[in-house]
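Owing to the predicted nature of the structure, the values given are computational and were not obtained by experimental measurement. Chain letters run A, B, ... following the sequence lines, proteins first, then strands; residues in each count from 1.
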Number of protein chains: 2
Amino acid sequence: MKKYYKILEKCPLFDNIESENLFKMLRCLGVKVESFDKKYTIMSEGSPARYIGIVLSGSAQIIQVDYFGFRSILSNIEPSQVFGEAFACAEIKSIPVTVVANEPCEVMLIDCSHILHTCSNNCGFHQQLIFNLMKDLAAKTISFHQKQEITSKRTTREKLMTYLSLQAKKEGCNRFQIPFNRQELADYLEVDRSGLSVEISKLRNEGVLYSKKNTFELLEKY
Amino acid sequence: MKKYYKILEKCPLFDNIESENLFKMLRCLGVKVESFDKKYTIMSEGSPARYIGIVLSGSAQIIQVDYFGFRSILSNIEPSQVFGEAFACAEIKSIPVTVVANEPCEVMLIDCSHILHTCSNNCGFHQQLIFNLMKDLAAKTISFHQKQEITSKRTTREKLMTYLSLQAKKEGCNRFQIPFNRQELADYLEVDRSGLSVEISKLRNEGVLYSKKNTFELLEKY
DNA sequence: CTCCATTTGTTGAAAATTCAACAGAAATAT
DNA sequence: ATATTTCTGTTGAATTTTCAACAAATGGAG
């Protein structure tokens with residue numbers, strides 16, 4: 001467990017919890033750590049909403065697949081970020097999304113009933129944990145608003161530029177990497193992959209951006 | 001304040017709080033009630049994220065208006081529902097959306113600092129309030145997933161049918177009213193209004209649905 | 001009731017997306 | 001190193017959306 005120290009410290013779920021107390025608490029919560037190979041399913045749609053997950057290494061994607069097999073990517077989860085908390089906290093029977101490993105990854109799983117219902121030891125961390133969960137959920141809601149701002153645009157070009165601008169802002173730099181390949185970016189922006197490639201080429205020719213693989217740079221022109 | 005009793009009782013923020021304690025608590029929180037005429041702005045984008053709102057009567061819409069004046073409707077808020085909580089709880093400087101009165105309405109505003117930071121009286125309701133906030137935010141996240149399921153569809157017809165199916169399911173009845181007129185529905189589904197009208201007409205002719213104004217009915221055929 | 005403003009439905013043209021198919025590039029496995 | 005698979009960019013055709021403009025229907029105000 002020690003090797004996850006640095007990651008867990010940065011997890012918003014454990015804000016304001018002293019590191020010496022953290023491991024005691026994790027024992028109390030009865031956490032478990034699991035590993036998944038690339039493309040493996042971490043949580044599947046329809047399964048009980050019981051666990052809150054924390055990515056320890058690698059990365060995961062929250063996806064929805066509709067009746068016709070169309071995939072849409074809701075978000076990308078990086079180390080020390082939390083997933084599944086909304087379903088666990090809302091106490092719904094089954095989760096409406098699938099979580100897949102985007103690369104080999106390790107995740108910590110916490111049975112949400114250990115968080116939501118006061119523990120038998122009545123340890124003082126619960127209140128802080130619930131407060132942290134609330135802040136985390138608030139932050140998630142805001143990031144959904146941002147995604148909505150992107151996908152509400154009507155053209156592929158606008159969606160792409162809105163996404164890239166927000167990324168540049170988040171990274172604080174005009175040159176940055178994105179966590180998606182082309183098909184994934186298309187599924188995140190909710191557009192056609194080939195149409196997205198066309199648009200990227202156009203923007204490159206117009207001198208608006210530089211791109212190579214998953215590295216992008218917004219040029220002055222824009 | 002007494003006249004809002006029934007509404008406040010149903011507010012998820014006050015779950016598991018005895019009604020006799022509710023009013024004492026509201027005083028402690030220093031709530032205020034304000035009225036807005038139809039189309040008036042309740043909270044405007046860019047303003048400080050200080051208040052959590054509860055709709056007491058009428059209804060409000062959460063909207064985003066982009067650089068070009070395109071409006072998109074994120075959600076509709078009915079009496080006893082909460083708004084603005086995500087921005088208040090995430091402690092961001094300014095809110096990224098606008099809240100407008102959809103009809104004459106009254107809202108209760110609670111300064112979030114009174115909820116997030118333990119009150120001087122150290123009254124026991126805070127923990128419950130924060131727990132309720134957490135559950136409310138979890139529920140909001142889930143409803144965003146649902147909206148995403150709608151808007152991720154690629155055609156106007158699919159978006160419309162997905163929306164109507166979800167509404168029918170929510171109402172538990174194939175015949176129901178929606179809280180939007182045509183333009184608003186278009187802005188919620190993120191499609192063109194005239195194209196939406198065309199699609200509704202087609203579906204009506206095909207016998208898939210009945211519609212008149214904002215009343216819809218999904219017919220057997222579907 | 002009449003007038004006026006708003007909402008809804010309809011149309012056709014222009015623009016954009018989707019779709020399928022394929023070729024070249026890049027990554028992976030043997 | 002080579003073969004195989006996956007990913008990316010390109011194309012053209014078909015579909016769909018968007019846009020602008022207008023007519024019909026609806027709803028309110030006076």
Side-chain angles (χ1 to χ4, degrees), chain A residues 37-39 61 66-73 100-104 150-164 177-206 208-216, chain B residues 37-39 61 66 68-73 100 102-104 150-164 177-206 208-216:
Chain A
D37 281 339
K38 182 169 177 167
K39 292 192 179 175
Q61 288 178 345
D66 76 7
Y67 182 76
F68 302 104
F70 282 97
R71 171 180 72 169
S72 92
I73 298 181
V100 296
N102 198 31
E103 46 189 316
I150 294 167
T151 56
S152 69
K153 295 284 184 294
R154 299 301 165 81
T155 64
T156 299
R157 168 180 284 239
E158 277 183 299
K159 288 182 191 181
L160 174 62
M161 286 309 290
T162 305
Y163 170 69
L164 294 177
Q177 300 207 335
I178 64 172
F180 302 124
N181 63 27
R182 289 290 179 278
Q183 182 63 63
E184 291 170 333
L185 180 57
D187 291 345
Y188 181 81
L189 301 179
E190 282 151 24
V191 298
D192 180 69
R193 180 198 61 78
S194 69
L196 174 61
S197 273
V198 169
E199 219 54 58
I200 290 174
S201 296
K202 275 193 204 163
L203 288 164
R204 204 161 23 201
N205 289 334
E206 292 170 21
V208 176
L209 58 74
Y210 162 91
S211 90
K212 186 171 186 179
K213 288 184 54 189
N214 63 343
T215 299
F216 285 80
Chain B
D37 280 340
K38 182 171 178 168
K39 292 192 180 176
Q61 289 178 345
D66 77 7
F68 302 103
F70 282 97
R71 169 181 73 170
S72 91
I73 299 180
V100 296
N102 197 32
E103 45 189 317
I150 294 166
T151 55
S152 69
K153 295 284 184 295
R154 300 300 166 82
T155 65
T156 298
R157 168 180 284 238
E158 277 184 298
K159 288 182 190 182
L160 175 61
M161 287 308 291
T162 305
Y163 170 69
L164 294 177
Q177 300 207 336
I178 65 172
F180 302 124
N181 64 25
R182 289 290 180 278
Q183 182 64 63
E184 292 170 332
L185 181 56
D187 291 344
Y188 181 80
L189 301 179
E190 283 151 24
V191 298
D192 179 69
R193 180 197 62 78
S194 70
L196 174 61
S197 273
V198 169
E199 219 55 56
I200 290 174
S201 296
K202 275 192 205 164
L203 288 164
R204 205 159 24 200
N205 289 334
E206 292 169 20
V208 176
L209 57 75
Y210 162 92
S211 91
K212 187 173 186 179
K213 291 184 52 190
N214 63 343
T215 299
F216 285 81

### Message
I need the CD-P distance between B:E190 and D:dT16, as an integer number of Å.
### Response
20 Å
## Note on the structure
To the nearest angstrom, the CG-P distance between A:D187 and D:dC7 comes to 12 Å
### Message
Under a 3.5 Å cutoff, is there a donor and acceptor pairing between the side chains of B:R204 and B:S211?
### Response
yes
### N/O donor-acceptor pair, side chain A:R204 with base D:dG9, under 3.5 angstrom
no
### Task
Write down the atom of B:K159, the atom of B:K153, and the distance for their closest heavy-atom approach.
CE-O, 2.9 Å
### Message
Reading DNA chain D from 5' onward, which residue's closest nucleotide shows up sooner: B:R157 or A:E184?
### Response
A:E184
### Query
Atom CG of B:L196 and atom C1' of C:dT11: how far apart are they, to the nearest Å?
16 Å
### Query
Rounded to whole angstroms, how far apart are CG on A:N181 and C1' on D:dT8?
10 Å
### Query
Could you give the CD-to-P distance, from A:E199 to C:dA15, as a whole number of Å?
15 Å
### Between D:dC19 (C1') and B:R193 (CZ): distance, integer Å
11 Å
### Task
Could you work out which one of D:dT10, C:dT11, C:dT7 sits closest to the side chain of B:S194?
C:dT11
### Query
Of the nucleotides D:dG27, D:dG9, C:dT11, which has the atom closest to the B:V198 side chain?
C:dT11
